[in-house]
A.B. asks: 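I am attaching a structure below and will ask some questions about it afterwards.
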There are 2 protein chains.
Amino acid sequence: MTVDRSQVLRAAATLLTRKATSSMDEIAKAAGISRATLHRHFAGRDALIKALEDLGLARFEAALDAADIDAGGAEEALRRLVAQIRPEAPLLAFLTTENQLFEGEMHQGWDRLDARMTGLFQRGQESGEFRVDLTATWFAEALYGLIGAGAWAVHAGRIAPNDMEQMIAELLLGGVRRSME
Amino acid sequence: MTVDRSQVLRAAATLLTRKATSSMDEIAKAAGISRATLHRHFAGRDALIKALEDLGLARFEAALDAADIDAGGAEEALRRLVAQIRPEAPLLAFLTTENQLFEGEMHQGWDRLDARMTGLFQRGQESGEFRVDLTATWFAEALYGLIGAGAWAVHAGRIAPNDMEQMIAELLLGGVRRSME
DNA sequence: CTCGTATGAGACAACAACGTCTCACGGCGT
DNA sequence: ACGCCGTGAGACGTTGTTGTCTCATACGAG
């Protein structure tokens, strides 16, 4: 009976990613609850967005922890990270596309997140696994972009949900070009 | 004196990418014109979005033409395409992130555009330049995502504007992994 | 069973944004 | 110099959304 806040937030993220101007009423319908209940859980639209950001950051941090990104090879660590991110893709896609969040004061959590992400790629560069002619910062941004692209492609039916993880990891790691074996 | 429509649309795209809920007044300010003038050129918000979509599609088509994507190697064709896309990145980033456009009836032009994009990657796959364990459709979606990521990274000051072209092309082609020479 | 709690449905005023209008200003061509 | 657009500024009514409220209902715990 009691509303699952995170489930509501996921539904909101999915809807807002497609249509950022959705009204609270549309969000409530998408979440399968009434507008009154939505307002009981989130004071207003701003509070909803904020909760969305907090949840997304928490899930991203959790994915980084669960992937144990400091262990083993950087490539394998990255694969584990993408695997952990997969179920949270719609949520994270919203965060990375809604730059509105950064207009005011950027959420402090992003700094830490970016640092961990960049650190992973830097580790790969230092170990010789990753190329050094592109910046680790760009690698992190590219991963964000590919998560969004993957979530959209799945939503649009262009790729199978189960393939998303591999599609993102393989493209990010190896690119489009055919490797010479 | 007379307002440059495309310039207004570019400013609108840049603003709307960051904050999709921007009001017409904010858009007008961002474009450096009054709200009245904005309304004189675009009947309403819907018309503005539509014009944005039309312009973006036209620029994308023009980039495909200018890049002469059917000539030479697929890799070089892709590099030429990215080079042509660069100046239009903010506009295209808006289109690919605002999936609101697809809620109703998808703009017919997207079909043709997707077909050309996918065709380029398929050509590369058939010639042996591009890997075949990922789909050409995904390659196209990934490019869209990387354009958005690149535009954002430049806007955020994370990468230099002049580097964006190379960053996108190199990552898309070769990925993160260091190649064995 | 009974109570407490959470929800859905709907009404309500307040507010922000929209779309339209008018009027005055300024540059530009004739 | 004159007239002509195109623009900026602002006022206006209208619409849609928001946030809050009340009331009835349904579920679960004790």
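Each chain gets a letter, A, B and so on, in the order the sequences are listed, and its residues count up from 1. We use all heavy atoms of the structure for the numbers below, so side chains are in, but hydrogens, waters and symmetry mates are not.
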A.B. asks: From CG of A:Asp46 over to P of D:dT17, roughly how many Å is that when rounded to an integer?
C.D. replies: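 After rounding, the reported distance stands at 17 Å.
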A.B. asks: What nucleotide, of D:dG19, C:dA17, D:dG10, holds the atom closest to the side chain of B:Ser23?
C.D. replies: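 Closest nucleotide to the B:Ser23 side chain: C:dA17.
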A.B. asks: Between D:dG10 and B:Arg35, counting only base atoms on the nucleotide and side-chain atoms on the residue, is there a donor-acceptor pair under 3.5 Å?
C.D. replies: no
A.B. asks: Which nucleotide wins on minimum distance to the side chain of B:Arg40, given the candidates D:dG8, C:dG19, C:dT7?
C.D. replies: D:dG8
A.B. asks: Let me know, please, whether A:Met24 or B:Thr37 comes out on the 5' side of the other along DNA chain D by nearest nucleotide.
C.D. replies: B:Thr37
A.B. asks: C:dT7 C1' sits how many Å from A:His39 NE2, rounded?
C.D. replies: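 Value for this atom pair: 16 Å.
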A.B. asks: Is there a donor in the side chain of B:Ser6 and an acceptor in the side chain of B:Asp4, or the other way round, less than 3.5 Å apart?
C.D. replies: yes
A.B. asks: Do the side chains of A:Met117 and A:Leu64 get nearer than 4.5 Å, heavy atoms only?
C.D. replies: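 They are in side-chain contact.
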A.B. asks: Using whole Å, report how far CG of A:Asp25 lies from C1' of D:dT20.
C.D. replies: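 Nearest whole value for this atom pair: 15 Å.
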A.B. asks: Evaluate the ring planes of B:Trp110 and B:Phe60, with Trp represented by its six-membered ring, and classify them as parallel (under 30°), tilted (30 to 60°) or perpendicular (over 60°).
C.D. replies: perpendicular
A.B. asks: For the pair made of CZ in A:Phe42 and C1' in D:dT20, what is the distance, rounded to whole Å?
C.D. replies: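 Going from CZ in A:Phe42 over to C1' in D:dT20 covers 18 Å.
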A.B. asks: Quick one: do B:Glu75 and B:Arg79 make a salt bridge, cutoff under 4.0 Å?
C.D. replies: yes
A.B. asks: Within the 4.0 Å heavy-atom criterion, would you say A:Arg45 contacts the bases, only the backbone, or no part of the nucleic acid?
C.D. replies: sugar-phosphate
A.B. asks: Could you check how far CD of A:Glu26 sits from C1' of D:dT18, rounded to whole Å?
C.D. replies: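 After rounding, the reported distance stands at 13 Å.
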A.B. asks: B:Leu38 CG to C:dT20 C1': how many Å, rounded?
C.D. replies: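 Distance, rounded to whole Å: 14 Å.
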A.B. asks: Answer yes when B:Glu26 and B:Lys29 have at least one side-chain N-carboxylate O distance shorter than 4.0 Å, and no when they do not.
C.D. replies: no
A.B. asks: Please determine, for the side chain of B:His41, which listed nucleotide (C:dT20, D:dT7, D:dG8) has the closest atom?
C.D. replies: D:dT7
A.B. asks: Which one, C:dG19, D:dG6, D:dG8, comes nearest to the side chain of B:Thr2?
C.D. replies: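 Per side-chain heavy atoms of B:Thr2, the pick is D:dG6.
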A.B. asks: Take atom CD1 of A:Ile27 and atom P of D:dT17, then tell me their distance rounded to the nearest Å.
C.D. replies: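 Interatomic distance, CD1 of A:Ile27 to P of D:dT17: 12 Å.
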A.B. asks: Check the distance between C:dG8's C1' and A:Lys29's NZ and give it to me in whole angstrom.
C.D. replies: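 The distance from NZ of A:Lys29 to C1' of C:dG8 comes to 11 Å, rounded to the nearest Å.
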